[in-house]
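Source: prediction; values computed, not measured. Proteins get letters first, then strands, A, B, ... in listed order; numbering begins at 1 in each.
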2 protein chains.
Amino acid sequence: MMSDDASALSTAQRLRQEIENDIASGHLVPGERLDEVTLANRFHVSRTPIREALQQLAMAGMVEIRPRRGAVVASLTPERLYEMFEVMAELEAMCCRLAARRLGPSDALALERAHRACEAVRHDHDAYYRANEMFHQAIYAASGNTFLAEQARLLQRRLQPYRRLQLRVRNRVQNSFSEHERILAALMAGEGEEAAGIMRPHVQVQGERFSDLIASLKLLGAA
Amino acid sequence: MMSDDASALSTAQRLRQEIENDIASGHLVPGERLDEVTLANRFHVSRTPIREALQQLAMAGMVEIRPRRGAVVASLTPERLYEMFEVMAELEAMCCRLAARRLGPSDALALERAHRACEAVRHDHDAYYRANEMFHQAIYAASGNTFLAEQARLLQRRLQPYRRLQLRVRNRVQNSFSEHERILAALMAGEGEEAAGIMRPHVQVQGERFSDLIASLKLLGAA
DNA sequence: CTCATCATTCTTGTATACAAGGAAACGCTC
DNA sequence: GAGCGTTTCCTTGTATACAAGAATGATGAG
């Protein structure tokens, strides 16, 4: 019944990860109801650990628990989404600044490898999305601040369903890739402010990109 | 719109807040064991909602749950503490930048009031600590980014037990207050970068202040 | 035909019972 | 007397039973 790798994870934590994956991947859409009994049956456990997992997800901001009325996948208003991207942009810019100062040989290697992986799949949206995620994570790690890296990773995950939609826009992948290139060059040169300055608008959703995002949001809401 | 209204709180959430307060206030010290039965008795509930509250606290990073071995108040290593202060400094700097751009009349009023409240109690460490907290929160709110404000508030709370110790250092309150003054002036003048530049070292724990913090940490650990 | 009110049903919230993994204490051997 | 294995007890993890608040559907009045 237990998977083998349950090394240091409680059941509730495993369940949280599973449900979290379903939310991040878009299998569970914002606003969708999370019935305790249904989930319990699906994972072959009782409601107790399911409830514990839901409480965790509520703290992570991925679900909303309305007392006595059940849990739903959290849905973000356009305003809040904008705010979250604004913070994400700043966190990633901070990663750049720190990474430029603290970059070690292994970090540099990992960055280059991640970048080349992006290049290899730049004609496949979905594959690029995953490679892109890895590239950004390589920068988080290179910051040398594990707490910052964790926070960035958390927010990245929370924005995943929305960020994914963004890359669908025409030419976005191409632009994304060339921005990566400039960021990478700046990091290698130790130009932290330069890298941060490119990263900020790379992440932040502004102007027409914001309109595009809202448009896809409405599509999502209609489903 | 989504303010933490007490009317819509589940029991588990209320319990989380109570325990959280005990941790933030130092009533529960890092490393201390959190026995489910003891807590259940204390709050006159069963273990079920207590466990849910503990899961929430684990996600918030305030307690650590070791499977089958119970929950303890999370204790931070000096390295991690340094990292968290580094991120906190950047979040608050970001608040400054945004606040300077977006400052409304009511925000300005709240800021000045909070600053005067600090002045009034600057000879009482504990009172100053609370007033100081309010001043910083006024800046978070003035950023106009509610998500950022929430994140900053969260991290502030998490660092509270350690931040509190810091003000004990000789002259720190006096320095803190004059830094506030300069930050306030910069914000009022719309000089976001200026305000951010003062805020960063105001928050970050570096050099001898870091050593001081580690020293108090050891004292805490000895207790 | 529409709306309001009440009964029914379904879901959540909480307590409790039981199972099972650690911790600790005891005794045993060397 | 010290170290190790065993046994006991204590704590956590999970399921289930029951209570109580929403949602839903039915029934009747306007």
Side-chain angles (χ1 to χ4, degrees), chain A residues 1-20 22-23 28-75 221, chain B residues 1-2 4-20 22-23 28-75:
Chain A
M1 168 170 141
M2 300 274 178
S3 17
D4 319 340
D5 73 310
S7 47
L9 282 186
S10 72
T11 306
Q13 281 168 353
R14 269 194 314 109
L15 292 172
R16 170 177 59 76
Q17 287 191 347
E18 295 257 16
I19 301 171
E20 197 178 307
D22 280 356
I23 295 175
L28 291 170
V29 299
E32 189 164 348
R33 207 147 170 304
L34 293 168
D35 184 74
E36 294 178 1
V37 178
T38 306
L39 288 170
N41 290 338
R42 175 164 156 223
F43 292 111
H44 306 289
V45 294
S46 76
R47 282 172 50 222
T48 310
I50 292 287
R51 282 180 60 86
E52 290 180 356
L54 289 177
Q55 301 279 357
Q56 290 181 39
L57 286 167
M59 282 301 284
M62 314 227 12
V63 316
E64 193 181 340
I65 296 180
R66 302 156 307 173
R68 290 262 170 213
R69 305 183 56 208
V72 297
V73 179
S75 56
Chain B
M1 63 188 176
M2 31 181 52
D4 299 346
D5 197 345
S7 60
L9 279 186
S10 71
T11 306
Q13 282 168 352
R14 269 192 314 106
L15 292 171
R16 170 177 59 77
Q17 287 191 347
E18 295 257 16
I19 301 172
E20 197 178 305
D22 280 356
I23 294 175
L28 290 170
V29 298
E32 189 164 348
R33 206 148 171 303
L34 294 168
D35 184 75
E36 295 178 1
V37 178
T38 306
L39 288 170
N41 290 338
R42 176 164 154 222
F43 292 110
H44 305 289
V45 293
S46 77
R47 283 172 49 221
T48 310
I50 292 288
R51 281 180 61 86
E52 290 180 357
L54 289 177
Q55 300 279 355
Q56 289 181 39
L57 287 167
M59 281 302 283
M62 313 225 17
V63 316
E64 193 181 338
I65 296 180
R66 302 157 308 173
R68 290 263 171 211
R69 304 183 57 208
V72 297
V73 178
S75 55

On DNA chain D, nearest-nucleotide positions of B:V37 versus B:T48: which is more 5'?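 Between the two, 5'-proximity favours B:V37.
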Closest non-hydrogen atom pair, [X] against [Y]:
{"X": "B:I65", "Y": "B:A58", "value": "CD1-CB, 3.8 Å"}
{"X": "B:S75", "Y": "B:P30", "value": "CB-CB, 3.5 Å"}
{"X": "A:A12", "Y": "A:A53", "value": "O-CB, 3.6 Å"}
{"X": "A:V73", "Y": "A:V29", "value": "CB-O, 3.4 Å"}

B:E36, nearest nucleotide to its side chain (from D:dA15, C:dA15, D:dG13):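 The answer is D:dG13.
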Taking the side chain of A:R69 as heavy atoms from C-beta outward, which of D:dA23, D:dA15, C:dT11 is closest to it?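 Per side-chain heavy atoms of A:R69, the pick is D:dA23.
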Remember a base hit wins even if backbone is also touched, and classify B:T11 as base, sugar-phosphate or nothing at under 4.0 Å, heavy atoms.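 It contacts sugar-phosphate atoms only.
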Could you walk me through whether A:I50 and A:V37 pass the side-chain contact (heavy atoms from CB on, under 4.5 Å) test, one step at a time? CA-CA 9 Å; A:I50 292 287; A:V37 178; over 6 Å; no
Non-neighbouring partners of [X] that pass salt bridge (charged side-chain N to carboxylate O under 4.0 Å, His left out), sequence neighbours left out:
{"X": "B:R33", "answer": "B:D35"}
{"X": "A:E36", "answer": "A:R47, A:R51"}
{"X": "A:R42", "answer": "A:D22"}

Could you write out each protein N or O paired with an N or O of nucleotides 6-8 of chain C at a distance under 3.5 Å?
none

Can you give me the N/O atom pairs linking the protein to nucleotides 17-20 of chain D at distances under 3.5 Å, or say none if there are none?
none

How long is the line joining CZ of A:R33 and P of D:dT24, in whole Å?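 Result: 9 Å.
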Which of these, A:L34, A:I19, A:L15, sits in a side chain to side chain contact (heavy atoms under 4.5 Å, CB included) with A:L57?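 Option passing the side chain to side chain contact (heavy atoms under 4.5 Å, CB included) with A:L57: A:I19.
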Would you say A:Q55's side chain and A:E52's backbone share a donor-acceptor pair under 3.5 angstrom?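 Checked: no pair found.
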Could you tell me whether a side-chain N or O of B:Q17 sits under 3.5 Å from a main-chain N or O of B:R14, the two making a donor and an acceptor?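 No; judged by distance alone, with no hydrogens or angles, the pair does not exist.
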Looking at D:dT11, I'd like to know if its phosphate oxygens (OP1 or OP2) sit under 4.0 Å from a side-chain N or O belonging to B:R66.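 No, outside the criterion.
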Interface residues of residues 49-65 of chain B with DNA chain D (non-hydrogen, below 4.0 angstrom):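 Within this stretch, B:R51 sit under 4.0 Å of the strand.
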